[in-house]
Amino acid sequence: MTRSPAKTATCNELLDTFYANLRTVHVEKLVFSGVGGRDVYNITAPFLHDGEEVILGRVEERDSEFSQVFFFTSGEDGVWVPRAHTHTYNLQDPCVTRIKGELIVGGVEVITAGDNPPKIVSWVTQFYRGYRIDSLHHFASGPELMKDIRLIELQDGRIGVLTRPQGERGGRGQIGFTIIDSLEELHEQTFLEAEVLQHQFVPEEWGGANEAHLLRNGHIGVLGHIACFDRMEKKHYYSMVFSLNPDTLETTPVKIIAARSDFPIGPGKRPDLQDVIFSGGLVRGAEGRAVLSVGVSDAEAYRIEIPDPFVEYEV
């Protein structure tokens with residue numbers, strides 16, 4: 001069973017701890033071109049493909065929720081541009097990982113009603129696989145209304161699956177976990193039957209996984225978000241991490257690692273999204289440092305160098 005903390009902490013309690021710990025950070029805003037003036041946000045961490053650094057990003061008009069996912073590469077001037085001759089996907093919030101050498105790309109497809117203008121009534125997470133960016137093919141779909149599904153290759157070669165149930169099993173949003181032997185087992189029941197991790201969030205709040213890291217001890221370092229509403233019904237999203245033992249489902253308490261206040265004041269998609277950051281991905285570096293890629297206020301993309309949040313879980 002999942003280890004239960006003495007008391008599940010709220011967003012505000014976790015923030016108190018976060019702000020009480022001094023840390024050194026370096027923040028960099030990412031600049032994009034070639035997208036017709038649209039916003040680029042909710043980026044993934046960079047990854048190497050044929051020796052080239054690549055990121056995925058959500059590309060969208062400021063007043064719309066209908067987005068595309070682009071693959072970007074960095075030019076000589078440091079500006080990120082769409083990768084040449086590369087397919088785009090009508091998805092939101094991309095994610096990327098590698099399973100047994102294959103590139104696995106996911107994103108959220110929105111389902112609309114036939115109104116004019118169309119109204120989003122549902123969403124489904126879609127997954128694509130392939131050894132090269134230019135030969136990805138669709139292979140799996142999540143259940144309706146489930147975002148934040150993430151995959152990771154475990155130490156023994158099996159595949160860990162992080163889910164986000166809502167409603168009767170998950171309230172506003174919890175995190176589930178299960179293990180499969182191969183990608184061929186990835187189907188709707190796999191996601192629906194994943195065991196819900198207990199005591200991660202209080203009932204009035206919610207969270208989800210955004211990326212999974214295999215730690216040296218075989219545990220999973222989960223990068224995700226924790227979120228809440230304030231009294232004015234404005235959303236507040238924070239980057240967080242915890243560690244998960246895939247064999248016992250024991251977890252460490254949630255820990256906030258970044259907040260909107262870490263970044264410069266800037267535009268937001270809507271006033272209620274001003275205090276929102278999206279944990280896109282994290283690259284662990286040398287000397288106990290890491291670089292976190294985030295979307296900010298549903299309008300901009302940043303990188304922030306922080307202390308490696310997973311080090312303590314590998315001791």
Side-chain angles (χ1 to χ4, degrees), residues 9 11 14-15 17-18 21 23 25 27 30 41-47 55-58 92-99 104-108 125 147-154 159-164 173-177 194 197 200-201 205-227 236-246 249-260 262-263 276-285 288-296 301-314:
C11 274
L14 292 171
L15 275 176
T17 302
F18 171 70
N21 293 305
R23 65 204 176 109
V25 301
V27 174
L30 276 66
Y41 64 102
N42 292 6
I43 57 172
T44 67
F47 62 96
I55 63 174
L56 288 81
R58 175 173 172 171
Q92 298 177 347
D93 302 339
C95 61
V96 61
T97 190
R98 290 191 185 275
I99 305 289
I104 310 298
V105 171
V108 178
T125 302
K147 299 182 180 182
D148 303 326
I149 301 172
R150 299 294 186 265
L151 311 178
I152 181 171
E153 183 175 347
L154 302 177
I159 300 165
V161 182
L162 290 152
T163 67
R164 197 191 73 163
Q174 297 287 327
I175 297 175
F177 181 74
L197 304 179
Q200 299 296 98
F201 316 108
E205 300 176 354
W206 68 98
N210 295 104
E211 189 182 58
H213 290 253
L214 184 64
L215 305 182
R216 288 196 297 267
N217 55 10
H219 292 186
I220 300 169
V222 178
L223 169 69
H225 61 274
I226 183 171
H236 303 269
Y237 274 68
Y238 309 98
S239 291
M240 64 82 171
V241 296
F242 64 91
S243 176
L244 166 66
N245 183 327
L249 297 191
E250 289 182 325
T251 60
T252 62
V254 167
K255 174 177 67 174
I256 288 178
I257 60 168
R260 178 64 181 86
D262 285 320
F263 305 94
V276 167
I277 60 174
F278 178 90
S279 310
L282 184 137
V283 175
R284 305 181 70 191
R289 305 293 290 177
V291 176
L292 175 67
S293 297
V294 298
V296 173
Y302 277 87
R303 289 177 179 168
I304 178 171
E305 185 187 79
I306 59 174
D308 186 339
F310 294 134
V311 168
E312 67 177 276
Y313 305 140
E314 294 180 317

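All values below were derived from every heavy atom in this structure, side-chain atoms included, with hydrogens, water molecules and symmetry-related copies excluded. Just so it is clear, the structure is predicted and the values come from calculations on it, not from any experiment.
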Nearest-0.5 Å distance, CG of residue Leu162 to CD1 of residue Ile149 | 10.0 Å
First locate atom OG1 of Thr97, then atom CG of Leu151, and finally report the distance between them rounded to the nearest 0.5 Å.
-> 7.0 Å
Given the side-chain rings of His219 and Tyr313, with only the six-membered ring counted for Trp, is the space between their centroids under 6.0 Å?
-> no
Describe, in one word, how the ring planes of His225 and Phe278 are oriented to each other, choosing from parallel (under 30°), tilted (30 to 60°) and perpendicular (over 60°).
-> parallel
Heavy atoms only: give me the nearest Ser293-Ala45 pair and the separation to one decimal.
-> OG-CA, 3.7 Å
Applying salt bridge (charged side-chain N to carboxylate O under 4.0 Å, His left out), name anything that partners Arg164, two or more places apart in sequence or on another chain.
-> Asp148
List for me each residue that meets side chain to side chain contact (heavy atoms under 4.5 Å, CB included) alongside Val291, sequence neighbours excluded, and say none if there are none.
-> Arg303, Glu305
Flag the pair Tyr237 / Trp206 as yes when at least one side-chain heavy-atom distance between them is below 4.5 Å, and no otherwise.
-> yes
Residue among Asp93, Ile43, Val105 satisfying side chain to side chain contact (heavy atoms under 4.5 Å, CB included) with Leu56 | Val105
Shortest non-hydrogen contact from Leu292 toward Ser239 = CD2-OG, 3.9 Å
Distance-only, no hydrogens or angles: does the Gln200 side chain make a donor-acceptor pair with backbone N or O of Ile175 under 3.5 Å?
-> no
Close side-chain approach of Phe177 and Leu244, heavy atoms under 4.5 Å = yes
One should read off an interatomic distance between Ile220 CD1 and Leu215 CG, to the nearest 0.5 angstrom, of 8.5 Å
Ala290 versus Pro309, closest heavy-atom pair with distance = CB-CD, 4.2 Å
Under 3.5 Å, side chain of Arg150 to main-chain N/O of Asn210, donor-acceptor pair present?
-> yes
So do the side chains of Arg23 and Phe18 get within less than 4.5 Å of each other, counting heavy atoms only?
-> yes
If only atom types and distance count, is the side chain of Glu211 paired as donor or acceptor with the main-chain N or O of Leu282 below 3.5 Å?
-> yes
Would you confirm whether Glu250, through its side chain, and Asn245, through its main-chain N or O, come within 3.5 Å as a donor-acceptor pair?
-> no
Could you go step by step and tell me if Leu14 and Tyr238 meet the side-chain contact (heavy atoms from CB on, under 4.5 Å) rule?
-> CA-CA 10 Å; Leu14 292 171; Tyr238 309 98; over 6 Å; no
Nearest heavy-atom contact between Gly208 and Met240 is O-CE, 3.9 Å
To the nearest 0.5 Å, what is the distance between CD (Gln92) and NZ (Lys147)?
-> 5.5 Å
Looking only at heavy atoms, what is the nearest atom pair of Thr17 and Asn21, with distance?
-> O-ND2, 2.8 Å
Got Arg260 and Val276 here, is their nearest side-chain heavy-atom distance under 4.5 Å?
-> no
Assess the side chains of Ser243 and Thr252: does a donor N or O sit below 3.5 Å from an acceptor N or O?
-> no
Short question: side chain of Thr44, backbone of Cys95 - any donor-acceptor pair under 3.5 Å?
-> no
Nearest heavy-atom neighbours spanning Phe201 and Gly173 | CD1-O, 3.8 Å
One should read off an interatomic distance between Ile104 CD1 and Ile99 CD1, to the nearest 0.5 angstrom, of 6.0 Å
Report the residue from Val241, Asp262, Ile304 that forms a side chain to side chain contact (heavy atoms under 4.5 Å, CB included) with Ile257.
-> Val241
